[in-house]
Every structure is written in C-alpha cells, then in structure tokens.
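Structure first, then comments.
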Amino acid sequence: MQQQRRQPELVEGNLPVFVFPTELIFYADDQSTHKQVLTLYNPYEFALKFKVLCTTPNKYVVVDAAGAVKPQCCVDIVIRHRDVRSCHYDVIDKFRLQVSEQSQRKALGRKEIIATLLPSAREQRKEVEEKRIKEHLTEKNRTVSSGPSLLTVFLGIVCVAALMLPTLGEVESLVPLYFHLSVNQKLVAAYVLGLITMVILRI
C-alpha cells in the first residue's frame with residue numbers, strides 16, 4: 001500500500017515571503033507615482049492567504065489589502081498615497097505583508113516594505129546624476145594618482161640606458177661601436193629624462 005506524502009509542518013514566521021519591490025518611493029510632483037504596485041509571488045505548492053498592514057493607514061489606500069494567491073501564481077496589490085503634503089516628505093512608513101495557509105490563522109511568514117514620499121522626481125534624478133559624476137571624477141582622479149603609466153616608466157628606463165652607453169670617440173670600451181651615442185643624442189636623452197622626472201613628481 002502506497003503511503004501518502006505528508007506536507008512538512010510549517011513553523012510560524014519562518015516561511016520566506018517573495019514580494020517585489022521591497023521599497024516604494026512616491027514623488028509629490030509626479031502624480032503617476034502616487035499609485036504603486038506590489039507583486040506577491042507564491043512559489044509553493046499550496047495556496048496562501050495574505051494581509052497588508054501599515055504603520056500609517058490614514059496616509060494610504062491599499063486596494064485588496066487581504067486576499068489569496070494560488071500555488072505558483074502571483075497577485076498585484078495596489079497602494080495609493082492619499083495624503084501628499086510637504087509635512088510628510090522624507091518620512092519613512094512601513095508596510096507589513098503577512099502570509100498564512102488558507103486553512104490556518106497563524107502567520108507563516110512576513111515581509112516589511114518601506115515607503116517614502118519625496119518632494120521632486122527631478123531633484124532626485126539630479127542628485128543621482130551629480131552623485132554619478134562625482135563617482136566618475138573620483139575614479140578618474142584615483143586612476144591618475146595611482147602612479148606613472150607603463151609608457152612613462154619605459155621611456156625613463158630607455159633614457160637612463162642611453163646615458164649609460166659610451167660616447168662616440170671612446171676607444172677603451174667593451175660595448176660594440178654601433179651602441180656608442182653622440183653628445184647630442186645624450187643631451188636629448190637627458191632632456192627627456194628630466195621631463196619624465198617632472199611628470200612623475202607631479203603625480
């Protein structure tokens with residue numbers, strides 16, 4: 001006789017809750033953001049009941065604050081901000097999404113979602129853009145200040161080697177004649193080496 005598989009007993013509060021997004025941002029000057037949508041996913045093989053709670057229910061309207069979601073399905077929960085005033089700017093409110101089995105009352109899992117009202121979407125975008133520019137400049141300065149480039153170091157080594165080679169006219173030298181440099185060539189090498197030294201010291 002084949003035994004039926006029993007579903008493991010679920011511990012209260014330990015069931016992971018999958019909801020997106022986990023943060024709601026409303027902009028006072030952008031009416032299209034006054035309505036936000038939370039999507040609750042149910043990846044499990046049993047149906048879930050859900051309930052949405054809020055720390056400041058007088059500021060929000062939650063459409064279908066309680067309901068059910070079928071196994072391996074999702075449901076959208078609409079949240080509207082109905083008290084858009086300057087006194088609420090930058091105040092963090094919290095929503096709590098609780099889920100349970102349809103046949104039980106105890107909450108198997110919960111998830112907190114934060115909500116914030118900001119004064120202007122344009123100002124927010126401007127701040128993000130300014131932050132991005134600052135990060136780019138910081139990265140650029142870090143790259144510049146990280147030290148001399150490989151090309152600069154290579155040129156410096158070449159100039160030092162050129163100055164160490166014998167000058168044309170020196171007889172007692174073990175270095176082949178075609179490696180002997182003229183005085184003018186050595187002067188050029190010394191000049192370039194001086195420029196490279198200045199560049200390295202500035203860095």
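Atom NZ of K111 is surrounded by 12 or fewer heavy atoms from other residues, nucleotides or ligands within 6.0 Å. Annotation: F154, atom CZ; neighbour count of heavy atoms from other residues, nucleotides and ligands within 6.0 Å does not exceed 12. Residue K186 qualifies as enclosed at atom NZ: its count of foreign heavy atoms under 6.0 Å is above 12.
Smallest separation of non-hydrogen atoms from Q185 and S182: OE1-N, 2.9 Å. Contact record, C54 with P57: O-CD, 3.5 Å, taken as the closest heavy-atom pair. When all heavy atoms of C87 and V91 are compared, the pair lying nearest together is O-CG2, 4.1 Å. Taking each heavy atom of V192 and C159 in turn, the nearest pair found is CG1-SG, 3.6 Å. Closest of all the heavy-atom pairs between E23 and I113 is N-CG2, 4.0 Å. Taking every heavy atom of both residues into account, P71 and A47 meet most closely at CG-N, 3.6 Å.
Between atom OG1 of residue T116 and atom CG of residue D93 there is a gap of 7.5 Å, rounded to the nearest 0.5 Å. Between the CG atom in L117 and the OG1 atom in T33 there is a gap of 8.0 Å [rounded to 0.5 Å]. The structure places CZ of R96 at 12.0 Å from NZ of K51, a figure rounded to the nearest 0.5 Å. The CD1 atom of I79 sits 13.0 Å away from the NZ atom of K59 when rounded to the nearest 0.5 Å. Annotation: the span from H81 atom NE2 to Q31 atom CD amounts to 13.0 Å, rounded to 0.5 Å. Expressed to the nearest 0.5 Å, how far CD of E112 lies from CD of Q98 amounts to 10.0 Å.
Under the ring pair (Phe, Tyr, Trp, His ring centres under 6.0 Å) criterion, the residue pairs touching residues 86-109 are Y60-F95, with sequence neighbours excluded.
At least one donor-acceptor pair closer than 3.5 Å links the side chain of H34 to the backbone N or O of Y27. A donor-acceptor contact shorter than 3.5 Å is absent between the side chain of K70 and the backbone of N42.
Legend: residues meeting salt bridge (charged side-chain N to carboxylate O under 4.0 Å, His left out) with R80, ordered by chain and number and at least two apart, are absent. Qualifying side-chain contact (heavy atoms from CB on, under 4.5 Å) partners for D64, counting only residues two or more places apart in sequence or in other chains: none. Residues passing the side-chain contact (heavy atoms from CB on, under 4.5 Å) test with D76 are V37, T39, sequence neighbours excluded. Every residue two or more places apart in sequence or in another chain that forms a side-chain contact (heavy atoms from CB on, under 4.5 Å) with Q72 is listed here: E45. Applying the salt bridge (charged side-chain N to carboxylate O under 4.0 Å, His left out) rule to R85 yields the partners D83; only residues at least two apart in sequence or on another chain are considered.
Neither L155 nor L195 shares a network with the other; the hydrophobic side chains, linked directly or stepwise wherever heavy atoms of I, L, V, M, F, W or Y lie under 4.5 Å apart, form separate groups for each. Taken together through direct or relayed side-chain contacts under 4.5 Å among Ile, Leu, Val, Met, Phe, Trp and Tyr, M198 and Y191 form parts of separate hydrophobic clusters. Linking Ile, Leu, Val, Met, Phe, Trp and Tyr residues whenever their side-chain heavy atoms come within less than 4.5 Å places F50 and F20 in a single cluster. Following chains of ILVMFWY side-chain contacts shorter than 4.5 Å, one cannot reach F18 starting from L53, and the two form parts of different hydrophobic clusters. F46 and V69 fall within the same hydrophobic cluster, where Ile, Leu, Val, Met, Phe, Trp and Tyr residues are linked whenever their side-chain heavy atoms come under 4.5 Å apart, directly or through other members.
Between L40 and V99, the closest side-chain pair of non-hydrogen atoms falls below 4.5 Å. Residues I157 and V153 meet the side-chain proximity criterion, which asks for heavy atoms closer than 4.5 Å. V183 is listed as a side-chain neighbour of T167, based on a closest heavy-atom distance under 4.5 Å. Within the 4.5 Å cutoff, the side chain of D90 has heavy atoms near those of the L118 side chain. Contact annotation: the side chain of L97 approaches that of I77 to within less than 4.5 Å [non-hydrogen atoms, C-beta and beyond].
For D29 and S120, the side-chain atoms include at least one donor-acceptor pair closer than 3.5 Å.
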